[in-house]
Number of protein chains: 4
Amino acid sequence: MKQKTLTRKEREREFKRSEILNAAIQIFAMKGFKAATLDEIAEKSEFGKGTIYNYFSSKEEIYKEIILLILKEHKKSIKEVYNETDTLYDFILNTTKRDLIFCLENKEAFFLLVFTKMHHEKSTKCEMSKIMNGCEKEITSLIIKRTKLAIKNKEIRKLDSERIIRLFKISGFAYIYDLLINENLCEATIEEEAKFITDILFNGIKFKK
Amino acid sequence: MKQKTLTRKEREREFKRSEILNAAIQIFAMKGFKAATLDEIAEKSEFGKGTIYNYFSSKEEIYKEIILLILKEHKKSIKEVYNETDTLYDFILNTTKRDLIFCLENKEAFFLLVFTKMHHEKSTKCEMSKIMNGCEKEITSLIIKRTKLAIKNKEIRKLDSERIIRLFKISGFAYIYDLLINENLCEATIEEEAKFITDILFNGIKFKK
Amino acid sequence: MKQKTLTRKEREREFKRSEILNAAIQIFAMKGFKAATLDEIAEKSEFGKGTIYNYFSSKEEIYKEIILLILKEHKKSIKEVYNETDTLYDFILNTTKRDLIFCLENKEAFFLLVFTKMHHEKSTKCEMSKIMNGCEKEITSLIIKRTKLAIKNKEIRKLDSERIIRLFKISGFAYIYDLLINENLCEATIEEEAKFITDILFNGIKFKK
Amino acid sequence: MKQKTLTRKEREREFKRSEILNAAIQIFAMKGFKAATLDEIAEKSEFGKGTIYNYFSSKEEIYKEIILLILKEHKKSIKEVYNETDTLYDFILNTTKRDLIFCLENKEAFFLLVFTKMHHEKSTKCEMSKIMNGCEKEITSLIIKRTKLAIKNKEIRKLDSERIIRLFKISGFAYIYDLLINENLCEATIEEEAKFITDILFNGIKFKK
DNA sequence: CATGAATGAGAATTCATTCAT
DNA sequence: CATGAATGAATTCTCATTCAT
């Protein structure tokens with residue numbers, strides 16, 4: 001492990017970087033890339049404007065780093081759930097739960113993701129798109145694998161995998177989106193919300209005799 | 001009807017206004033409010049920069065007008081479907097279909113809505129937020145009414161109306177979002193996609209003996 | 001006399017020109033050359049913006065023409081008084097009276113003069129300065145002549161002519177300026193004010209036994 | 001006294017502010033508020049355009065600050081003379097002298113005052129007018145007091161105080177104005193000019209046996 | 001390293017002038 | 001001639017980035 005090479009100084013530097021990133025994530029999420037200003041980030045992070053340039057080469061770099069951090073985090077989370085579960089049901093339930101927790105803790109991060117995905121703020125995307133797409137593909141391929149297995153195991157109906165994934169991503173995304181927009185989400189309800197989403201996805205809303 | 005009183009000149013003016021709005025909608029949807037520039041809007045609309053100010057008093061005004069147009073359009077569409085259908089199933093199927101068509105034809109408009117909803121670009125929202133929220137509430141109340149009826153008629157299970165609406169908005173929104181992002185949507189598949197979404201919402205993905 | 005060559009058309013044209021000038025003088029006096037806009041002049045004159053360009057080649061030309069009109073008017077007035085009076089006292093009394101009347105009727109014109117004299121709005125002055133200076137010199141030389149005569153005739157003390165003129169111009173100018181600024185001037189008081197000014201100039205304010 | 005607390009930085013900042021104000025005063029006096037451009041002010045002050053906005057929030061703010069500085073300076077000067085003199089004659093002689101010196105040193109400042117007083121450039125005046133009027137009133141009340149005393153003491157004839165003040169303001173203002181316009185004023189002549197003005201105001205120009 | 005003053009490229013907006021009708 | 005829509009040069013103001021301290 002390389003982390004130990006340069007100790008105090010290095011750790012301090014790393015800590016300050018993350019302070020800046022944390023400040024930036026809030027500003028970016030609140031205003032978007034273009035409307036966010038370095039003055040605001042500087043103020044929020046309690047550093048001088050110039051100092052930030054000792055840690056990042058540009059506003060854009062800060063943005064990119066944030067996006068990639070969030071994505072990696074998300075990928076890691078999905079992978080963990082994948083390894084810890086057997087059925088698609090459990091996989092979706094747990095992923096959803098995790099997503100909800102993540103969003104609750106990182107509302108800004110979530111908004112940023114949606115923001116960036118939407119092809120907005122073109123300037124930033126050139127190289128980043130590739131990395132983002134790479135991440136997404138890894139995630140998608142995991143879910144596809146699990147979905148196909150579920151079909152084979154007769155856990156779910158025989159449906160187009162791609163579409164189910166889209167619906168799954170919906171579950172873990174748009175629902176959350178709406179919750180966040182309307183600010184109804186609280187820790188207490190996470191478990192329940194996750195179950196509701198998964199239940200509907202599996203059983204539908206139709207009345208059954 | 002007064003619309004016909006002021007003819008040529010008036011109609012021409014109206015036409016040019018809409019030309020500008022059409023150009024602006026694309027730029028705004030692609031870049032967001034802040035990052036979009038009037039130079040771009042001017043170029044895309046093939047007018048001089050100054051000309052735009054003969055039709056709109058500011059960049060912000062253009063933005064507002066666009067958002068409100070889209071919202072009204074959407075509300076109208078929902079209302080029509082509401083009046084034309086009896087069951088929740090038909091209502092959702094048709095709304096979804098309509099949304100898909102609308103999004104296919106107005107990809108930019110759709111992005112703009114999401115963009116604006118996300119509480120970004122604060123400056124613009126002061127008065128607009130109210131109007132937007134008003135629109136949303138009207139739409140939501142329609143869906144709630146229909147949902148409650150469906151529960152009473154045993155068309156669907158007894159579930160929390162608010163949550164179903166959230167899921168419904170998901171169906172007609174996030175799925176579309178994903179389709180658009182990945183640019184897989186074409187006219188041919190609209191009918192099919194709408195049925196798929198509605199089917200899953202009603203029946204779930206679970207395997208049934 | 002050439003005035004009669006082109007009749008109706010010509011007279012109409014001349015009339016419209018003066019309509020525009022009258023509108024312009026008010027706007028210019030109220031806002032200054034730069035801050036006045038052609039839109040305002042067009043609106044006040046009740047012509048289309050384009051029409052104005054059928055009568056004047058530029059905003060600047062309108063301005064110049066106005067200034068010169070006012071100056072000529074003023075010169076003419078001074079000359080008339082010069083010819084109608086014998087003593088310096090009468091000359092100053094009457095000139096002051098006339099100036100007061102003129103200012104009362106053309107508050108804007110007066111402001112414009114001061115404005116322009118003050119070397120402001122440089123752009124306009126290149127050629128105009130010469131004409132203005134020419135006008136001033138004519139006026140000054142008249143007053144000097146009359147002043148020297150007054151000294152010779154023992155009407156006034158033996159004082160530097162140039163300075164007296166400066167003081168005289170003061171009487172007819174700064175006092176008026178102050179009156180106008182504070183808007184106390186009315187027709188009723190003109191005679192009285194003129195007498196007051198001339199009295200002080202001749203007799204001073206000192207108490208006499 | 002707090003002035004010494006924040007040293008180097010603070011003093012430097014104050015110095016630069018005044019550099020900008022000095023540059024601005026010249027441009028404004030030469031061109032007026034509207035016609036003066038920030039590019040010119042930036043060039044004259046030898047700062048970048050953006051730098052100016054680190055010291056003032058807008059062009060208008062610079063203008064206001066200048067006007068108020070000049071007015072305060074003038075008021076202070078009048079008050080000092082008031083306290084140092086007993087007779088009206090001395091008061092006027094000294095005020096005139098001071099005004100002449102001030103104008104010689106601050107030709108631009110003087111022009112600006114006249115400019116602003118003339119009710120031009122409306123936009124700027126809303127709040128400022130009040131402050132300016134307040135200043136004027138203080139000054140006027142001082143002169144009125146002194147004038148009334150002079151009448152009581154039989155230093156001067158029994159004349160309308162208000163009018164004398166108007167004439168006094170003339171002495172110290174229009175004469176200067178004319179001197180400045182024609183650029184004849186030099187230090188050597190100040191004493192003499194002040195005496196001349198005061199002499200005429202007190203004794204008049206009439207020949208006496 | 002930390003800082004924030006300085007900077008200028010770039011954005012929104014205004015307005016004199018042109019020109020097609 | 002009369003008009004006002006179209007235009008872009010010019011202006012104010014913002015902000016990412018640099019750099020001297």
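Excluded from the calculations below are hydrogen atoms, water molecules and symmetry mates; all remaining heavy atoms, backbone and side chain alike, are included.
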Quick one: the side chain of A:K49 and the base of F:dT17, do they pair up donor-acceptor inside 3.5 Å?
yes
Roughly, in whole Å, what's the span from [atom1] in [X] to [atom2] in [N]?
{"X": "C:I41", "N": "F:dG4", "atom1": "CD1", "atom2": "P", "value": "16 Å"}
{"X": "A:Y53", "N": "E:dG4", "atom1": "OH", "atom2": "P", "value": "15 Å"}
{"X": "A:K34", "N": "F:dA16", "atom1": "NZ", "atom2": "P", "value": "8 Å"}
{"X": "D:N54", "N": "F:dT17", "atom1": "CG", "atom2": "P", "value": "17 Å"}
{"X": "D:L38", "N": "F:dT12", "atom1": "CG", "atom2": "P", "value": "5 Å"}
{"X": "D:E10", "N": "E:dG4", "atom1": "CD", "atom2": "P", "value": "13 Å"}
{"X": "A:F15", "N": "E:dA2", "atom1": "CZ", "atom2": "P", "value": "13 Å"}
{"X": "C:E46", "N": "F:dG4", "atom1": "CD", "atom2": "P", "value": "12 Å"}

What I want to check is whether the side chains of B:S58 and B:E61 have a donor and an acceptor closer together than 3.5 Å.
no
Taking only N and O in the side chain of [X], is any of them less than 4.0 Å away from OP1 or OP2 of [N]?
{"X": "B:T51", "N": "F:dA5", "value": "no"}
{"X": "A:K9", "N": "E:dC1", "value": "no"}
{"X": "A:R13", "N": "E:dC1", "value": "yes"}

Requiring both pairing distances under 3.5 angstrom, list the stems that contain DNA chain E and are made of three or more consecutive Watson-Crick or G-U pairs.
E:2-21 with F:2-21
Report the residue (A:G50 or B:G50) whose heavy-atom-nearest nucleotide on DNA chain E is the more 5′ of the two.
A:G50
Assuming nearest nucleotide by heavy-atom distance, tell me which of D:K16 and C:S58 is located more 5' along DNA chain E.
D:K16
Main-chain N/O of D:K34 paired to D:K59 side chain as donor or acceptor, under 3.5 Å:
yes
Do the charged groups of B:R8 and B:E12 touch, with an N to O distance under 4.0 Å?
yes
Does the side chain of B:N54 reach to within under 4.5 Å of the side chain of B:F47, using non-hydrogen atoms?
no
Would you mind telling me which of E:dT13, F:dA6, F:dC13 lies closest to the side-chain atoms of B:K59?
E:dT13
